[in-house]
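What follows is a short report on a single structure.
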Amino acid sequence: MTNHEVLPLLGQVADSVSRAIAHVHPELAGADPVVRRSEHADFQSNAALALAKRARTKPPELAQALTAALADDRGPATHVEVSGPGFVNITVPDQLLWNQVAARLANSRLGMGTPNEGQRTVIDYSAPNIAKEMHVGHLRTTIIGDSLARVLGFLGSEVIRQNHLGDWGTQFGMLIQYLDEHPELTWHHDELERGASAVSALDELYKTARAAFDDDLEFADRSRDRVVALQSGDPDTIARWKEIVSESEKAFRDIYDRLGVLLTPEDSVGESFYNHLLTDVITELTEAGIAVESEGALVIFSEEVTGPDGNPAPLMVRKREGGYGYDTTDLATIRYRIHDLKANRLLYVTDSRQALHFQMIFEAARRAGWLTDGIEAAHVPYGTVLGPDGRPFKTRSGGTVRLMDLLDDAVSRARAVVSEKNPDLAADALDQIAEQAGIGAVKYADLSSSRVKDYVFDVERMVSFNGNTGVYLQYAHTRIRSILRKAGDPEASIDPTIELQPAERALALELDAYSTALSEVSSTLEPLKLCGYLYDLARDFTTFYEACPVLSADEPVRSNRLALCQLTARTLQHGLDLLGISAPERM
RNA sequence: GCCCUCGUAGCUCAGGGGAUAGAGCAACCGCCUCCUAAGCGGUAGGUCGCAGGUUCGAAUCCUGCCGAGGGCGCCA
């Protein structure tokens with residue numbers, strides 16, 4: 001196996017057209033060759049239409065000239081013709097398609113390059129709150145962030161995952177105080193019955209503590225003292241706090257394992273971490289004259305954003321009573337990630353309602369001189385998960401939906417469908433497949449629609465397993481694997497002189513376009529681009545599957561088709577992995 | 001008041017300067033002696049929110065309007 005990049009045919013054709021443009025009109029050298037996949041040929045170039053005016057000619061004439069130049073070129077085109085108002089339709093020889101397939105099969109990375117090499121990317125995602133259940137609100141950031149981490153990493157970025165845990169704040173004062181006053185309470189994971197989690201217990205205890213805080217003035221006072229003790233580093237208080245953090249992380253870990261998310265405890269860099277940096281951040285901003293006093297608080301007035309009163313909107317750097325909120329920690333994160341982590345790409349995967357907040361954080365970071373031209377900072381916003389009523393997803397009683405419950409529900413429904421479709425499965429195989437299909441269905445449903453749009457969480461639809469769902473992709477993969485198993489998983493061998501059937505041709509062209517889909521994910525930060533590609537690929541495979549028998553074909557066609565199966569299976573498996581979805585061998 | 005996002009088939013969504021606007025679901029009609037029918041083929045369904053503008057060409061870019069959602073000082 002090699003790991004040299006295999007250039008996609010689209011790029012090779014584009015290079016040819018670029019050469020043709022430079023040859024025919026040297027003054028237009030460097031212009032976009034406007035090469036796309038085409039319904040009328042393998043590829044088409046629309047360059048003649050785009051450039052005719054600059055070339056002082058008519059589109060059909062320019063197209064004709066480009067066609068002639070392409071015919072002389074030693075590039076990949078075998079058949080070039082002008083069509084319509086000036087489209088240049090380009091067809092590539094079958095042999096070249098086979099060569100691409102063979103080269104990708106021989107390559108450990110399917111011929112993908114590492115265009116993001118040299119980028120150091122921080123991705124901030126998931127960010128659950130300590131001592132609180134993970135709920136629907138954490139689903140999208142966790143799934144989307146993780147997929148982006150995988151894709152960007154594969155493309156050569158050095159990815160630094162940051163799980164910005166909500167592990168600091170006044171709420172811990174009352175929780176710790178309450179636990180201290182009630183040593184009989186059990187909440188550690190090893191004290192609880194199986195299936196119960198420490199965060200679930202802590203979440204309940206926090207509510208109780210909160211009620212006590214509101215009812216009992218003396219308890220409230222002791223809780224406030226406890227906040228002070230926590231913030232000033234009192235050893236006993238800190239020890240208890242660390243215990244709560246670590247127990248909570250165990251519960252998060254269960255969810256991450258189940259979701260197949262890459263986050264590890266090493267990626268946890270919560271709010272508390274920034275504590276020791278806040279005074280430096282504030283000093284720097286104050287000395288630079290960016291942060292100023294206002295109504296007793298320290299704020300940064302935006303030069304871009306105004307509030308309801310028409311005055312500049314502020315970031316709250318230090319509250320009137322001296323405390324710090326999320327504005328301050330977020331200013332600290334961006335400084336830390338640029339100065340200490342030395343990242344040149346910073347992604348914050350949070351819901352779209354925080355857009356204005358990040359706009360102001362980035363503005364402040366630019367004014368402070370932290371965020372400079374070579375560094376990209378981006379809020380990666382996503383829409384709300386809605387319930388069947390079109391309102392933010394809640395339980396019937398109006399509470400938040402626990403993430404674990406939601407996953408249980410999806411998996412148990414998946415199990416019903418899987419066992420109906422395949423009643424012969426052994427119990428443990430059924431469990432495993434139901435888990436993979438159910439979790440995959442949830443993740444795919446989340447990743448496969450436009451990130452910024454709200455979407456309705458509809459388990460029935462996700463788990464119906466028809467159409468553009470995760471299971472369709474998994475199913476396509478198992479059908480291919482079944483063929484390959486029956487063939488004995490042979491070493492690929494391709495005879496490139498064999499003529500391609502239309503379905504084979506469409507499949508081969510699609511397989512060749514994988515890298516384009518991945519680059520689009522990198523530039524748009526939309527996993528949907530990868531989902532769409534994989535769905536198209538699975539459909540192209542299914543068409544091929546219907547039209548081109550593999551095992552019963554005569555050699556050398558059989559081997560060639562097996563090679564297409566192998567590359568499709570590997571590409572599907574690989575793409576699903578970048579989405580964080582497993583590709584079972586059987587279903 | 002200002003700002004952001006969204007408006008495409010009955011429903012859920014792709015397409016974000018190029019040829020007849022595409023899928024899935026739901027509906028209807030077909031297809032398992034054949035590599036997994038969790039599949040495939042077909043029929044039907046659209047003034048791409050509205051109105052201007054830019055362009056050889058606009059669902060796509062610009063402006064305005066309408067509608068939905070969200071945000072804008074001490075919650076993240």
Side-chain angles (χ1 to χ4, degrees), chain A residues 34 36 38-40 44 46 49-50 52-53 58-59 83-87 89 127 129 137 164 166 169-171 271 294-299 301-302 304-321 323-327 329-330 350-357 359-360 381 383-384 386 390-392 417-418 420-422 437 445 448-450 452-456 458 460-461 464-469 471-472 474-476 478-487 524 528-529 531-532 535-536 539 542-543 545-553 561 565 586-587:
Chain A
V34 204
R36 307 282 131 88
S38 176
E39 294 172 35
H40 308 275
Q44 67 182 57
N46 305 335
L49 291 146
K53 187 171 280 181
K58 299 217 178 319
S83 158
F87 300 107
N89 290 345
N129 294 317
H164 192 71
T170 52
Q171 72 274 23
E271 291 167 351
S294 170
E295 298 174 31
L298 191 65
V299 302
F301 286 115
S302 173
E304 301 171 1
V305 182
T306 54
D309 55 3
N311 294 324
L315 282 171
M316 186 61 51
V317 177
R318 189 174 57 221
K319 299 188 229 176
R320 198 163 2 196
E321 78 281 8
Y324 308 119
Y326 60 89
D327 284 341
T329 25
D330 278 340
T350 77
D351 77 275
S352 58
R353 288 176 305 205
Q354 296 181 31
L356 193 58
H357 166 70
Q359 186 189 335
M360 290 169 67
T384 309
L386 306 175
R391 305 294 310 162
V417 179
V418 172
E420 185 203 335
K421 298 283 183 192
N422 195 346
S448 64
S449 79
S450 198
V452 297
K453 289 191 183 176
D454 296 349
Y455 78 93
V456 175
D458 182 345
E460 286 307 336
R461 202 176 69 230
S464 75
F465 296 163
N466 295 315
N468 189 0
T469 62
V471 171
Y472 181 87
Q474 292 173 323
Y475 182 63
T478 60
R479 295 217 282 188
I480 306 171
R481 288 300 311 149
S482 173
I483 292 173
L484 292 171
R485 270 197 313 276
K486 288 188 171 145
T524 63
L528 137 78
K529 304 285 184 187
C531 295
Y535 182 60
D536 286 343
R539 301 185 66 192
T542 305
T543 304
Y545 182 90
E546 301 282 333
C548 304
V550 178
L551 297 175
S552 59
R561 288 182 177 168
C565 287
R586 293 183 173 78
M587 290 183 82

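Below, chains carry the letters A, B, ... as their sequence lines are ordered, and counting in each starts from 1.
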Sugar-phosphate, base or nothing in reach of [X], heavy atoms under 4.0 Å:
X      : result
A/A355 : nothing
A/V34  : nothing
A/E271 : sugar-phosphate
A/S449 : sugar-phosphate
A/G532 : nothing
A/H357 : nothing
A/T542 : sugar-phosphate
A/N89  : base
A/A50  : base
A/S464 : nothing
A/R318 : nothing
A/R36  : nothing
A/C531 : nothing
A/R353 : sugar-phosphate

Any idea which of [options] is nearest the [X] side chain?
X      : options             : result
A/F301 : B/G73, B/C75, B/A14 : B/G73
A/Y455 : B/C72, B/A76, B/C13 : B/C13
A/K453 : B/C74, B/A38, B/U8  : B/U8
A/V299 : B/G39, B/G71, B/G73 : B/G73
A/Y475 : B/G39, B/G70, B/C2  : B/G39
A/S482 : B/G71, B/C74, B/U36 : B/U36
A/H40  : B/G15, B/G24, B/U20 : B/U20
A/M316 : B/C75, B/G73, B/C35 : B/G73
A/V550 : B/C35, B/A14, B/U20 : B/C35
A/N422 : B/G18, B/C13, B/A38 : B/A38

When you measure from the side-chain N and O atoms of [X] to the phosphate of [N], is any distance below 4.0 Å, counting only OP1 and OP2?
X      : N     : value
A/K529 : B/G15 : yes
A/T543 : B/C40 : no
A/Y545 : B/G41 : no
A/R479 : B/A37 : yes
A/R481 : B/C35 : no
A/K319 : B/C75 : yes

Can you tell me how far apart [atom1] ([X]) and [atom2] ([Y]) are? Round to the nearest 0.5 Å.
X      : Y      : atom1 : atom2 : answer
A/I483 : A/K486 : CD1   : NZ    : 8.5 Å
A/L551 : A/R561 : CG    : CZ    : 11.0 Å
A/K421 : A/Y475 : NZ    : OH    : 9.0 Å
A/E304 : A/Q359 : CD    : CD    : 5.0 Å
A/R318 : A/D327 : CZ    : CG    : 14.0 Å

Classify the side chain of [X] versus the base of [N] as yes if they form a donor-acceptor pair under 3.5 Å and no if they do not.
X      : N     : answer
A/T384 : B/G70 : no
A/T329 : B/A76 : no
A/N466 : B/A37 : no

Base partner of [N], which must satisfy Watson-Crick or wobble distances under 3.5 Å:
N     : result
B/C25 : B/G10
B/C72 : B/G1
B/A59 : none
B/U20 : none
B/C40 : B/G30
B/G64 : B/C50

Interatomic distance, [X] [atom1] vs [N] [atom2] [rounded to whole Å]:
X      : N     : atom1 : atom2 : result
A/E321 : B/G73 : CD    : P     : 16 Å
A/E39  : B/G22 : CD    : C1'   : 9 Å
A/L551 : B/U36 : CG    : P     : 8 Å
A/Q354 : B/C75 : CD    : P     : 15 Å
A/L315 : B/G73 : CG    : P     : 11 Å
A/Q44  : B/U20 : CD    : C1'   : 14 Å
A/D454 : B/G70 : CG    : P     : 9 Å
A/Y324 : B/C74 : OH    : P     : 18 Å

Review point. Taking C-beta and beyond as the side chain, do A/F87 and A/S38 meet within less than 4.5 Å on heavy atoms?
Key: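 A side-chain contact under 4.5 Å is absent here.
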Review point. Do A/Y472 and A/N466 have side chains that get closer than 4.5 Å, going by heavy atoms?
Key: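 When only atoms from C-beta onward are counted, A/N466 and A/Y472 do not touch, as no gap falls below 4.5 Å.
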**Study point:** side-chain contact (heavy atoms from CB on, under 4.5 Å) between A/Y324 and A/K319, intermediate numbers included
**Key:** CA-CA 6 Å; A/Y324 308 119; A/K319 299 188 229 176; 5.9 Å; no
Check your understanding: Syn or anti for B/G64, with syn set at within 90° of 0?
Key -> anti
Review point. How would you label the glycosidic angle of B/C32: syn (within 90° of 0) or anti?
Key: syn
**Study point:** Interatomic distance at C1', B/A76 relative to B/G18, whole Å
**Key:** 45 Å
Point to revise | First encountered from the 5' end of RNA chain B, between A/H164 and A/V456 | key: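 Looking at the nearest nucleotide for each, A/V456 comes out on the 5' side.
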Point to revise | Upstream residue (5' side of RNA chain B) when A/Y535 and A/D309 are each assigned their closest nucleotide | key: A/Y535
Review point. Taking A/R481 for the side chain and A/R586 for the main chain, is one N or O donor matched with an acceptor at less than 3.5 Å?
Key: no
Practice item. May I ask you to decide if A/T478's main-chain N or O and A/S482's side chain share a donor-acceptor pair within less than 3.5 Å? Key: no
